[in-house]
Amino acid sequence: MFAIKRIANTLSRTGVIARNKHTLPELPYDYKALEPIISAEIMQLHHSKHHATYVNNLNIAEDKLKEAVAKGDVNTQIALAPAIKFNGGGHLNHSIFWANLSPSSSKPDAALMKKIETDFTSFDEMKKRLSESTIAIQGSGWGWLGYNQKDKKLQITTCANQDPLQATTGLIPLLGIDVWEHAYYLQYKNVRPDYVKAIFDIINWNDVSARFKQAGGA
Ligand code: MN3
């Protein structure tokens with residue numbers, strides 16, 4: 001028994017037994033697919049540099065956490081929490097964001113459209129409120145359309161930095177809009193409202209509708 005545990009510890013230390021690492025998800029379309037709304041240059045940097053960095057730093061933080069847990073080092077575990085929140089949030093948020101976008105035009109399915117009309121009076125009203133909230137974010141963050149499973153209502157809210165919607169608010173993320181400057185500055189400069197207005201032309205409502213259904217909303 002002890003021998004097995006010792007071997008397992010050795011293998012773990014040497015990385016032979018490793019937890020699955022997080023990996024950068026592939027985009028479901030080419031970097032240039034979302035032009036002219038989002039340029040290939042922005043997409044390439046955003047995906048292969050920014051998102052990749054969140055993934056790498058999440059893996060590093062989790063390795064350190066694992067080591068701290070193994071040592072019973074609670075101080076280090078607590079000190080790692082912000083890095084896990086930031087990089088884990090960045091990974092979760094961007095994984096949703098890429099799927100939320102598409103070069104093909106689409107509409108919410110019947111169930112989601114009905115819910116939007118019930119909770120916001122109309123699709124245009126939802127879009128207006130989501131846009132206004134997202135544009136008004138101070139500094140870097142995300143605008144969200146989420147689903148409140150307890151109240152059975154769609155909700156619009158915003159999160160600062162890379163704070164992930166579900167862990168932060170309990171809402172299930174349906175549609176996220178990244179308003180970090182890296183998401184638009186090369187193309188839209190400081191004019192965030194133009195970027196937010198334009199992004200509605202490339203929303204993958206099939207994906208948003210599927211997330212609504214998955215959340216138990218439909
Ligand atoms: Mn981003």
Side-chain angles (χ1 to χ4, degrees), residues 21-62 80-103 127 129-146 155-169 171-208 210-211:
K21 298 271 184 190
H22 301 285
T23 55
L24 181 66
E26 279 192 36
L27 289 186
Y29 37 74
D30 293 340
Y31 285 135
K32 64 177 186 315
L34 303 180
E35 290 188 339
I37 308 295
I38 302 179
S39 71
E41 187 185 17
I42 289 178
M43 287 302 294
Q44 184 169 5
L45 287 167
H46 200 174
H47 177 257
S48 73
K49 301 294 180 192
H50 291 278
H51 189 172
T53 301
Y54 299 125
V55 170
N56 291 338
N57 288 338
L58 174 61
N59 284 327
I60 290 168
E62 285 190 351
L80 284 165
I84 290 170
K85 183 177 184 183
F86 183 74
N87 295 294
H91 178 39
L92 292 174
N93 290 340
H94 288 86
S95 298
I96 295 167
F97 187 58
W98 310 131
N100 275 169
L101 303 176
S102 167
K127 184 175 156 181
R129 285 175 49 188
L130 178 56
S131 301
E132 285 172 356
S133 304
T134 304
I135 289 164
I137 292 170
Q138 293 184 335
S140 299
W142 291 72
W144 289 101
L145 175 67
Q155 254 176 263
I156 286 166
T157 191
T158 61
C159 288
N161 305 312
Q162 294 296 356
D163 295 359
L165 184 70
Q166 192 170 353
T168 309
T169 68
L171 297 176
I172 307 297
L174 305 180
L175 169 61
I177 303 175
D178 184 351
V179 289
W180 279 59
E181 284 184 344
H182 66 227
Y184 62 88
Y185 205 87
L186 286 176
Q187 211 175 340
Y188 296 86
K189 301 296 187 290
N190 58 316
V191 193
R192 183 190 279 178
D194 285 357
Y195 157 74
V196 172
K197 184 167 186 274
I199 207 168
F200 278 93
D201 289 344
I202 49 167
I203 298 301
N204 184 351
W205 288 104
N206 298 327
D207 179 68
V208 180
R211 289 176 194 278

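Every number for a ligand or one of its atoms is a count from 1 in the order of the listing.
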Option passing side-chain contact (heavy atoms from CB on, under 4.5 Å) with Val179 (candidates Thr158, Ile199, Val196) | Val196
Heteroatom test (N, O or S) for His51 near the Mn ion (ligand 1), limit 2.8 Å | no
Test item: His94 and Trp142 side chains (from C-beta on) under 4.5 Å apart, heavy atoms = yes
The angle formed at the Mn ion (ligand 1) by OD2 of Asp178 and NE2 of His182 is about (to 10 degrees) 120°
Which residues satisfy the side chain to side chain contact (heavy atoms under 4.5 Å, CB included) test with Phe86, sequence neighbours excluded?
-> Tyr54, Gln162, Trp180
Contact flag His94/the Mn ion (ligand 1), N/O/S atoms, threshold under 2.8 Å = yes
If we only count heavy atoms from C-beta on, is the Tyr184 to Val191 side-chain gap below 4.5 Å?
-> no
